[in-house]
2 protein chains.
Amino acid sequence: MKLPRYKQLHQRLKSDILSGHYAEGSLLPSENTLSAQHKITRVMVRQALSALEQEGYIARRQGKGSIVCAQQPALGLLSFRGFSEVLGETEHSATSQFLSKPHATTWSKDFFFDLSVSEQKAGCITIERLRKVDDQPVMLEFTYLPNLNIPNFCDKKWVQGSLFRMLYWYYQLEITNVDQRIRALAAEAETAEQFHLDMGTPILHIHRKYGTNRPNYFIYSSLYCNTEHYAIGTIIK
Amino acid sequence: MKLPRYKQLHQRLKSDILSGHYAEGSLLPSENTLSAQHKITRVMVRQALSALEQEGYIARRQGKGSIVCAQQPALGLLSFRGFSEVLGETEHSATSQFLSKPHATTWSKDFFFDLSVSEQKAGCITIERLRKVDDQPVMLEFTYLPNLNIPNFCDKKWVQGSLFRMLYWYYQLEITNVDQRIRALAAEAETAEQFHLDMGTPILHIHRKYGTNRPNYFIYSSLYCNTEHYAIGTIIK
DNA sequence: AAACTCAACTTGTATATACAAGTTAACAGG
DNA sequence: CCTGTTAACTTGTATATACAAGTTGAGTTT
């Protein structure tokens, strides 16, 4: 169960970056310094730093040092972009409100993904959120988590308004991949009302299945987007 | 300009994998073998293999060896999935046909992304494709490449029916990231006809900007999708 | 035939060392 | 004041070596 020393260093540096101990844009201690401080060779220090670089936490410059990077957006994060302008570069900040307190329930009988037996048994935590830009509702998001090994989830405080940061903070849960399917469909009565749109207006619908660093632990989302005024942006790296 | 030896080995192994010299599922020569063959230390061999592993070309197993992986799908590749079934796992294979031979033109005046001066000057190559599943048209794709340092592009043969594989094969051009914005909109007369749909049917529209391993070289796409019968799938890693 | 042992392979972790190459600030000379 | 050199730092590339730990198949024992 003992972690190799370079992995220990890797985790240590990572949590120090995430906690703000090393500020964004500042330099990490040099490889020789880390080597001396942690009493491991520079080769092992470099192995830890390579992993951090790969994950996007630092950028290394020969002759300069290891620079702490700005926090990269979560995998598959959606943003809202106006497109009245030709290029529509501007990114708009969204507010998020809960339509209900996150609560534990059973899974819907006709859930949109196939569930394993253990997921079925555990039941799910449902999160219903509405996102607005300029007071206009643009996204209706339903998120479902299997109620497995995330004790007291509903009582925890959210970290920086983000579900995923919260999951990392309390449970060391990280999103490793996203599998999604997208459709355009005509708004039905209910969603049309939420978005203040006429029935039948084209809206976007996305089903998502998030993979995590816990084997066989997945998170599911169903998203409805009003793209009348803002397009949905994603960056894939 | 001389590449370090471990990077040479990395490139060599990569092209050997892509050319099929090392079959999918087979083992690469062991680290010691590679070390002896190329007369570099095992430390350097491991550096090359780590890069290959990171890129997804191989998977390493302690005690076993380095296993050549199945070719991973291109970054942000779209697939078509039926959803008549509840879970809609099935992935459908699409055929692709050219609506016109790829040809060099000037950029449209109201192009959907902002272009640099050098891109403007170079002009663009336009590719118009229609994709079908079960003989039903599902995607209309317009791709635009700056006519810069891709000599004789229009005369080249496509590799495995893929634009991106072709770009790698002839020009070592790789896609490093995708920036996209998605909207749902009502089909206009023209697109409705292409898709055999009624005017006003909700369809999907995606603008894409692909980043590459060539600094400041970008590829642009505009995609219209008929999601009446097949949802658009993406996997983000 | 089945089970166990072991040797020979594989990758993983680790130390110690050397020099090349990029960056920066201090310092000397004009 | 400005300019060029240098010294002291940084990361990058590279060698040589050692042992730990997982895998596999051949050979031995039961």
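So you know, we letter chains A, B, ... as the sequences are listed, proteins then strands, and number each from 1. Note that the structure is a prediction, hence the values are computed from the model and not measured.
- Distance A:R60 CZ to C:dA21 C1': 15 Å, rounded to the nearest Å.
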Got a list of protein N/O to nucleotides 4-8 of chain C N/O distances below 3.5 Å?
none

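- The stretch residues 205-215 of chain B participates, sequence neighbours left out, in no salt bridge (Lys or Arg N to Asp or Glu O under 4.0 Å) pair at all.
- Annotation: of the two residues near DNA chain C, A:G63 and B:L28, the 5′-most nearest-nucleotide partner is B:L28.
- Atom CG of A:N32 is separated from atom P of D:dT10 by 6 Å (rounded to the nearest Å).
- For A:D179, the side chain to side chain donor-acceptor pair (under 3.5 Å) test picks out B:R81, with sequence neighbours left out.
- In this structure, CD of B:E31 is placed 4 Å from P of C:dT11, rounded to the nearest angstrom.
- Applying the salt bridge (Lys or Arg N to Asp or Glu O under 4.0 Å) test to residues at least two apart or on different chains, none of the pairs has a partner in residues 67-78 of chain A.
- Rounded to an integer number of Å, the gap from A:K2 NZ to D:dA21 C1' is 14 Å.
- For residues 144-171 of chain B, no residue pair satisfies the salt bridge (Lys or Arg N to Asp or Glu O under 4.0 Å) rule, not counting sequence neighbours.
- When the ring-ring contact (aromatic ring centres under 6.0 Å, His included) test is applied to B:H205, the partners found at least two apart in sequence or on another chain are B:H207, B:Y224.
- Under the salt bridge (charged side-chain N to carboxylate O under 4.0 Å, His left out) criterion, B:E119 pairs with no residue at all, not counting sequence neighbours.
- Looking at residues two or more places apart in sequence or on another chain, you find a side chain to side chain donor-acceptor pair (under 3.5 Å) between B:S221 and B:T143.
- Between A:F153 and A:Y170, the ring center distance fails the sub-6.0 Å criterion.
- Nucleotide C:dT11 holds its C1' atom 15 Å from the CG atom of B:L52, rounded to whole Å.
- One atom, CD of A:Q62, and another, P of D:dT11, lie 10 Å apart when rounded to the nearest Å.
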Base versus backbone protein contacts along nucleotides 13-19 of chain D [heavy-atom cut-off under 4.0 Å; B, S, -]: BBBB-B-

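- As rounded to whole Å, 13 Å separates atom C1' of D:dT11 from atom CG of A:L34.
- Screening residues 9-36 of chain B for salt bridge (Lys or Arg N to Asp or Glu O under 4.0 Å), with sequence neighbours left out, gives B:R12-B:D16, B:K14-B:E55, B:K14-B:E174, B:E31-B:R42, B:E31-B:R46, B:E31-B:R60.
- When each of D:dT11, C:dT10, D:dT24 is scored by its nearest atom to the side-chain atoms of B:K64, the top-ranked nucleotide is D:dT24.
- Close placement of the A:F111 and A:Y144 rings is indicated, their centers lying within 6.0 Å of each other.
- For B:S96, there are no side chain to side chain donor-acceptor pair (under 3.5 Å) partners two or more places apart in sequence or in a different chain.
- DNA chain D is contacted by no residue of residues 11-18 of chain A, taking any non-hydrogen atom closer than 4.0 Å.
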